[in-house]
Amino acid sequence: MKTYDFIQTIIHNLMLKSFFLNDIGLLHGKIGIALFFYNYSKFTDNTVYSDYADDLLDDIWNSLHNRLPDTFESGLTGIAWGIEYLIQNNFVLGNSNEICEEIDNRIMQLDPFRMFPKFAEKELEGFLHYVLIRILGTIRQQSEPPFDKLYRNNLFQVFSFLQQQDKINETCRTLINQYFNFINYKQPFDYKPDLLQLIDENKIIEKYYLSAPLGLKNGIAGQLYKKIIGIAK
């Protein structure tokens with residue numbers, strides 16, 4: 001099978017299966033797959049794929065509920081990241097402060113001093129991505145920063161403590177430093193939302209594509225993005 005035909009087969013398979021996913025989250029679920037299809041629609045100049053992504057997004061809105069976890073991987077902070085990504089890249093119109101206000105308020109109910117010492121490294125990294133993309137969104141909209149001043153200062157104190165720990169990885173250190181730049185105004189805020197930073201390095205062997213997971217991380221949507229769009233950027 002020619003490469004183009006093979007890719008089209010995989011994309012059609014992704015469209016057939018992804019609408020029936022129960023996970024609506026960023027790394028393994030519907031919103032991550034919607035991000036791929038918005039990008040692919042722009043890459044191919046074909047609105048069929050953005051129309052499909054719109055349908056996924058509508059289904060995600062209808063599936064939001066209070067029982068969703070706060071996590072980046074499959075929960076609210078990851079969904080907020082996806083919303084900001086879509087607005088900041090002009091895939092959808094909207095005010096992210098209004099859309100994400102309820103999520104931000106729910107996150108502010110979590111005590112950083114109790115939350116972060118127990119965080120696994122990947123959870124910390126995801127939370128940092130959420131915080132930074134929300135800050136970037138408010139900077140671009142020239143609006144008030146997300147979270148109130150007390151919560152931002154509490155995050156600063158906890159992140160300062162975490163920076164002194166050997167166990168956090170370099171990605172977390174870099175993201176924390178970007179938060180410090182925002183708080184201290186010492187350097188330009190330089191967080192760049194990029195799907196490639198969410199996608200694993202592992203490749204799916206072609207013969208397993210039809211049976212592989214569907215999402216961004218370790219899945220078909222992520223591998224297609226990296227293979228088709230990421231290289232072209």
Side-chain angles (χ1 to χ4, degrees), residues 7-8 11 14-15 18-19 21 24-64 72-73 75-104 107 126-147 175 178-179 181-182 188-199 214-217 219-233:
I7 288 174
Q8 289 305 301
I11 288 173
L14 183 61
M15 294 177 77
S18 56
F19 202 83
L21 278 175
I24 64 173
L26 179 62
L27 298 189
H28 307 291
K30 287 180 179 176
I31 195 161
I33 295 169
L35 302 190
F36 163 73
F37 277 114
Y38 280 117
N39 276 284
Y40 190 64
S41 176
K42 181 179 179 180
F43 180 79
T44 59
D45 196 25
N46 188 334
T47 59
V48 167
Y49 302 111
S50 59
D51 289 344
Y52 179 75
D54 287 342
D55 290 340
L56 283 178
L57 210 55
D58 287 341
D59 190 65
I60 290 163
W61 296 139
N62 294 331
S63 301
L64 287 174
F72 188 75
E73 188 165 343
L76 290 173
T77 52
I79 290 171
W81 193 96
I83 292 166
E84 277 284 9
Y85 177 92
L86 291 173
I87 292 173
Q88 291 179 26
N89 285 280
N90 299 313
F91 289 120
V92 299
L93 299 176
N95 184 312
S96 58
N97 277 350
E98 294 177 1
I99 297 170
C100 296
E101 182 180 13
E102 185 176 341
I103 297 174
D104 294 340
I107 294 304
F127 185 87
L128 287 162
H129 279 300
Y130 154 70
V131 168
L132 293 173
I133 201 171
R134 287 290 295 117
I135 290 171
L136 181 61
T138 57
I139 290 173
R140 291 185 174 183
Q141 294 178 40
Q142 298 181 330
S143 58
E144 288 296 312
F147 324 117
L175 295 173
Q178 290 171 338
Y179 183 77
N181 291 342
F182 166 72
F189 185 71
D190 59 352
Y191 179 74
K192 295 178 176 60
D194 184 356
L195 292 189
L196 288 175
Q197 65 193 340
L198 308 179
I199 298 168
L214 304 181
L216 281 180
K217 188 179 179 66
I220 293 172
Q223 293 299 310
L224 287 173
Y225 180 87
K226 187 164 64 172
K227 184 181 183 67
I228 301 170
I229 302 167
I231 293 174
K233 285 193 169 184

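Quick note: numbers below take in every heavy atom, side chains included, and nothing from hydrogens, waters or symmetry partners. It should be emphasised that the depicted structure is a prediction, and the values quoted were computed from it without experimental measurement.
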In Å, rounded to the nearest 0.5 Å, how long is the span from CG of L21 to NE2 of H28? 11.5 Å
Got a second to check how far I31's CD1 is from W61's CH2, nearest 0.5 Å? 6.0 Å
Test Y49 against F43 for side-chain contact (heavy atoms from CB on, under 4.5 Å), laying out the working first. CA-CA 10 Å; Y49 302 111; F43 180 79; over 6 Å; no
Is there side-chain contact between T44 and I228, with at least one heavy-atom pair below 4.5 Å? no
Measuring from S18:OG to I11:CD1, what's the distance to the nearest 0.5 Å? 11.5 Å
With side-chain contact (heavy atoms from CB on, under 4.5 Å) as the test, pick out the partner of L224 among I229, L14, I33, N39. L14
Can you list the steps and then say if I87 with V92 is a side-chain contact (heavy atoms from CB on, under 4.5 Å)? CA-CA 5 Å; I87 292 173; V92 299; 3.9 Å; yes
Could you check whether Y130 and D104, counting side-chain N and O atoms only, form a donor-acceptor pair closer than 3.5 Å? yes
For the pair N46 (side chain) and V48 (backbone), establish whether a donor and an acceptor sit closer than 3.5 Å, ignoring hydrogens and angles. yes
Identify which one of F36, Y38, F37 satisfies the ring-ring contact (aromatic ring centres under 6.0 Å, His included) criterion when paired with Y40. F36
Going by heavy atoms in the side chains, are I135 and P146 under 4.5 Å from each other? yes
So do P193 and E84 actually touch side chain to side chain, heavy atoms under 4.5 Å? no
Could you check whether any side-chain heavy atom of Q88 comes within less than 4.5 Å of a side-chain heavy atom of I133, counting everything from C-beta outward? yes
Out of curiosity, T47 OG1 to D45 CG, how far, rounded to the nearest 0.5 Å? 8.5 Å
Check whether more than 12 heavy atoms from other residues, nucleotides or ligands sit under 6.0 Å from atom CG of N62, and answer yes or no. yes
Got a donor-acceptor contact below 3.5 angstrom from the Y191 side chain to the L136 backbone? no
Determine which pairs satisfy salt bridge (charged side-chain N to carboxylate O under 4.0 Å, His left out) with at least one residue from residues 50-64, sequence neighbours left out, and list them in order. K30-D59
Here the gap from E73 atom CD to L198 atom CG, rounded to the nearest 0.5 Å, amounts to 11.0 Å
Using the side-chain contact (heavy atoms from CB on, under 4.5 Å) definition, which of the options I79, L195, L216 pairs with L26? L216
If you define the side chain from C-beta out and look only at heavy atoms, does anything of E144 sit under 4.5 Å from T138? no
Let me see the working for Q178 and D190 under side-chain contact (heavy atoms from CB on, under 4.5 Å), right down to the final yes or no. CA-CA 7 Å; Q178 290 171 338; D190 59 352; 3.3 Å; yes
Is the shortest heavy-atom distance from the side chain of F147 to the side chain of V131 under 4.5 Å? yes
Considering non-hydrogen atoms only, spot the tightest contact between G82 and L35 and give its length. O-CD2, 3.8 Å
Check whether T77 reaches the backbone of F72 with its side chain - one donor and one acceptor, N or O, closer than 3.5 Å. yes
Locate the shortest heavy-atom distance separating A53 from A34; write the atom from each residue and the value. CB-O, 3.7 Å
Indicate the atoms forming the closest heavy-atom contact of N95 with N97, along with that distance. OD1-N, 2.9 Å
CH2 of W81 to CG of L86: how many Å apart, nearest 0.5 Å? 9.0 Å
Please say which of F127, Y179, F182 ends up in a side-chain contact (heavy atoms from CB on, under 4.5 Å) with L132. Y179
Main-chain N/O of H129 paired to Q197 side chain as donor or acceptor, under 3.5 Å: no
